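See below for the structure under consideration.
All of these numbers come straight from a predicted model, not from anything done at the bench.
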Amino acid sequence: MQTKEYVLLLGADQYLRERAFSGAKQAVDLPVWAATEDSVRKLNRTFDNMLSADPKDSDSLLRAIHAQSAQGWHPRMVIPLNDWTVDSANTVNRVLGLGGLDATTVTNARNKYAMKQAFLTAGVQVPDSRLVQSEQELLDAIESVGLPVVIKPYDFGGSGGVVLATTREEAVAGLAESKAVIAQYGSSFNILGDKYLVEQFIDSDDEVSVEVLCGAGRAQVLAVTEKYLSPRPWFAEVAHLVPSHRTGDPVLTDLAVRACTALGIDRGLAHVEIKFDADGTAWVIEVAARPGGDGIMDQVERAYSLNPYRLHVGSYLGSDLLDVVVGAVPTKTSAIAFLKAAPGRIQDILDGKPLPPEVRSINISAKRGDLSQAAKNWSTREGLVELEWDELFSEKTLLPVTVANELSDQIFVSGETVGE
């Protein structure tokens with residue numbers, strides 16, 4: 001039987017990851033497949049084929065892959081695109097002898113406490129933190145770290161369960177809130193246990209994310225994204241802008257590369273989150289061994305005219321594309337911002353009015369009757385807007401948030417909640 005190869009992308013059928021298919025096609029002349037638990041009921045016709053398998057479960061994936069092997073189809077590589085598939089993809093790669101990230105690297109990229117220990121060993125500056133599970137452990141950690149603190153699940157994303165506490169009472173309530181988030185979403189995202197970080201708070205809203213291409217024994221920064229956060233005590237990401245005015249900063253670039261090296265990420269794009277304190281000192285908050293989410297990759301593509309998924313897939317397949325990154329230069333500014341209705345029950349949605357000229361796309365996910373809550377994490381958004389300007393900003397601009405707020409006020413009519 002003739003051997004036929006394909007590339008399997010995990011998480012590429014996720015909303016705002018659609019450009020991964022195009023990037024993969026640019027990287028390799030092979031069929032591009034995806035996986036979903038029920039490909040009959042959830043068929044995505046973008047892909048050349050879909051496996052019926054849980055993309056978060058390596059055993060489920062291996063069963064589906066072996067079934068296709070009987071038909072002569074074999075994966076050249078399994079490539080993760082989100083946090084929940086990094087472990088499963090690289091486990092399958094190792095089992096099948098395809099390569100992939102080292103198992104310790106995968107663990108350190110998901111377990112935020114292990115991640116911080118790897119950074120400390122490598123001399124990468126990170127906020128002081130403690131791993132806790134109980135309320136007493138939380139209070140003991142506060143004695144060591146000092147208030148205020150940030151409480152977060154040690155294995156989650158999307159700002160879920162991340163809370164700022166300025167008092168012991170707020171910390172106890174924050175841990176309860178974080179635990180409630182994991183109780184709600186833990187099984188869906190294969191969360192690795194009921195544990196939490198109590199972390200030193202870097203008192204600043206000056207934060208960026210850095211996309212770093214790793215491979216061929218070296219690493220290179222592709223893009224720096226400006227991040228915009230919701231009002232405290234939460235840390236929901238409300239907008240992203242590419243390129244940040246910090247693009248090209250050698251200290252930032254060096255720190256991002258050292259953080260990836262400390263975790264042993266040797267292929268694909270890594271997503272590095274860095275915060276600057278009032279003195280301008282840079283602190284690594286965390287690193288993910290996959291491309292940035294929230295549509296950041298689409299903004300990078302618009303700003304740089306380069307599909308970053310091509311780099312991610314190509315790197316996993318063994319191509320040295322770092323010189324492509326070195327030559328990438330932004331020619332415009334692109335941003336994504338999230339729509340937020342005023343708190344209360346959404347009584348009406350008034351869409352259809354003329355949009356500002358910088359709007360490239362808008363998507364309203366909320367419906368009449370939905371309850372709008374404070375911007376706590378990814379789950380409290382009512383939609384998104386993508387924006388573009390034919391200029392590069394030399395300092396941080398609030399335009400993405402301003403436009404999104406004005407559109408939200410124009411679109412959503414919210415009323416008082418009754419009996420809720």
Side-chain angles (χ1 to χ4, degrees), residues 83 107-182 185-186 191-210 227 229-237 255-256 258-260 262-263 270-289 375-378:
D83 286 328
T107 297
N108 290 349
R110 285 201 59 177
N111 180 328
K112 295 176 184 178
Y113 183 72
M115 178 190 299
K116 298 296 174 69
Q117 303 315 300
F119 288 151
L120 290 171
T121 298
V124 174
Q125 181 158 278
V126 294
D128 189 16
S129 63
R130 300 290 186 275
L131 186 65
V132 306
Q133 191 166 21
S134 68
E135 183 177 309
Q136 186 56 55
E137 290 172 338
L138 165 71
L139 296 175
D140 291 343
I142 288 173
E143 291 299 319
S144 299
V145 176
L147 289 166
V149 294
V150 177
I151 300 166
K152 63 176 71 172
Y154 86 135
D155 176 34
F156 202 43
S159 303
V162 184
V163 184
L164 173 66
T166 60
T167 67
R168 291 163 63 90
E169 292 73 22
E170 288 178 358
V172 170
L175 179 61
E177 179 175 330
S178 194
K179 282 177 170 285
V181 169
I182 294 305
Y185 295 104
I191 302 305
L192 304 176
D194 179 31
K195 296 181 181 179
Y196 306 83
L197 279 186
V198 177
E199 186 173 278
Q200 171 191 0
F201 175 52
I202 307 302
D203 190 1
S204 169
D205 294 323
D206 190 359
E207 185 172 345
V208 299
S209 60
V210 187
K227 300 174 77 69
L229 304 177
S230 63
R232 299 169 185 174
W234 299 289
F235 298 87
E237 295 169 347
L255 181 59
R258 286 196 294 117
C260 295
L263 294 187
H271 181 70
V272 184
E273 296 183 348
I274 295 175
K275 184 173 258 192
F276 298 88
D277 65 20
D279 296 330
T281 302
W283 302 74
V284 174
I285 303 302
E286 55 194 57
V287 175
K376 295 183 177 182
N377 55 52
W378 89 99

Next on the checklist: So that I can tick it off, tell me whether Asp206 and Lys275 are bridged by a salt bridge, with the cut-off set at under 4.0 angstrom between side-chain N and carboxylate O.
Outcome noted: no
Item to check | NZ/NE/NH1/NH2 to OD/OE distance under 4.0 Å, Arg168 and Glu143 | outcome: yes
For the residue pair [X] and [Y], what are the closest heavy atoms and their distance?
X      : Y      : value
Ala118 : Asn108 : CB-ND2, 4.0 Å
Glu273 : Glu237 : OE2-OE2, 3.6 Å
Ile285 : Pro127 : CD1-CG, 4.1 Å
Val287 : Met115 : O-CE, 3.0 Å
Lys152 : Val162 : CB-CG2, 3.8 Å
Thr166 : Leu147 : O-CD1, 3.7 Å

Item to check | From Leu139, Ile142, Thr167, residue fulfilling side chain to side chain contact (heavy atoms under 4.5 Å, CB included) relative to Val172 | outcome: Leu139
Item to check | Identified side chain to side chain contact (heavy atoms under 4.5 Å, CB included) counterpart of Gln200 within the set Val149, Val145, Val126 | outcome: Val145
Checklist entry - Hey, do the aromatic rings of Trp378 and Phe156 have their centres closer than 6.0 Å? => result yes
Checklist entry - Does the side chain of Arg232 reach to within under 4.5 Å of the side chain of Asp205, using non-hydrogen atoms? => result yes
Checklist entry - Do Trp283 and Ile274 come close enough that some side-chain heavy atom pair is under 4.5 Å? => result no
Item to check | Candidate pair Tyr196 and Leu131, rule side chain to side chain contact (heavy atoms under 4.5 Å, CB included), full reasoning | outcome: CA-CA 6 Å; Tyr196 306 83; Leu131 186 65; over 6 Å; no
Next on the checklist: What's the separation between atom CD1 in Ile182 and atom NZ in Lys195, rounded to the nearest 0.5 Å?
Outcome noted: 13.5 Å
Next on the checklist: Measuring from atom CG of Asp128 to atom CG of Leu197, what distance do you get when rounded to the nearest 0.5 angstrom?
Outcome noted: 10.5 Å
Checklist entry - Who are the salt bridge (Lys or Arg N to Asp or Glu O under 4.0 Å) partners of Glu207, not counting sequence neighbours? => result none
Could you tell me whether the side chain of [X] and the main chain of [Y] form a donor-acceptor pair under 3.5 Å?
X      : Y      : answer
Glu170 : Ala165 : no
Ser230 : Ala236 : yes
Ser129 : Glu199 : no
Thr281 : Asp277 : no
Glu137 : Ser134 : yes

Item to check | Candidate pair Val150 and Phe235, rule side chain to side chain contact (heavy atoms under 4.5 Å, CB included), full reasoning | outcome: CA-CA 10 Å; Val150 177; Phe235 298 87; 4.0 Å; yes
Checklist entry - Near Gln125 CD, under 6.0 Å, is it more than 12 heavy atoms from other residues, nucleotides or ligands? => result yes
Checklist entry - Can Lys179 and Asp194 be said to form a side chain to side chain contact (heavy atoms under 4.5 Å, CB included), step by step? => result CA-CA 7 Å; Lys179 282 177 170 285; Asp194 179 31; 3.0 Å; yes
Item to check | CA sep, side-chain torsions, deciding dist, call: Leu138, Ile151, side chain to side chain contact (heavy atoms under 4.5 Å, CB included) | outcome: CA-CA 9 Å; Leu138 165 71; Ile151 300 166; 4.0 Å; yes
Checklist entry - Going by distance alone, is a donor N or O of one side chain under 3.5 Å from an acceptor N or O of the other, for Asn377 and Trp234? => result no
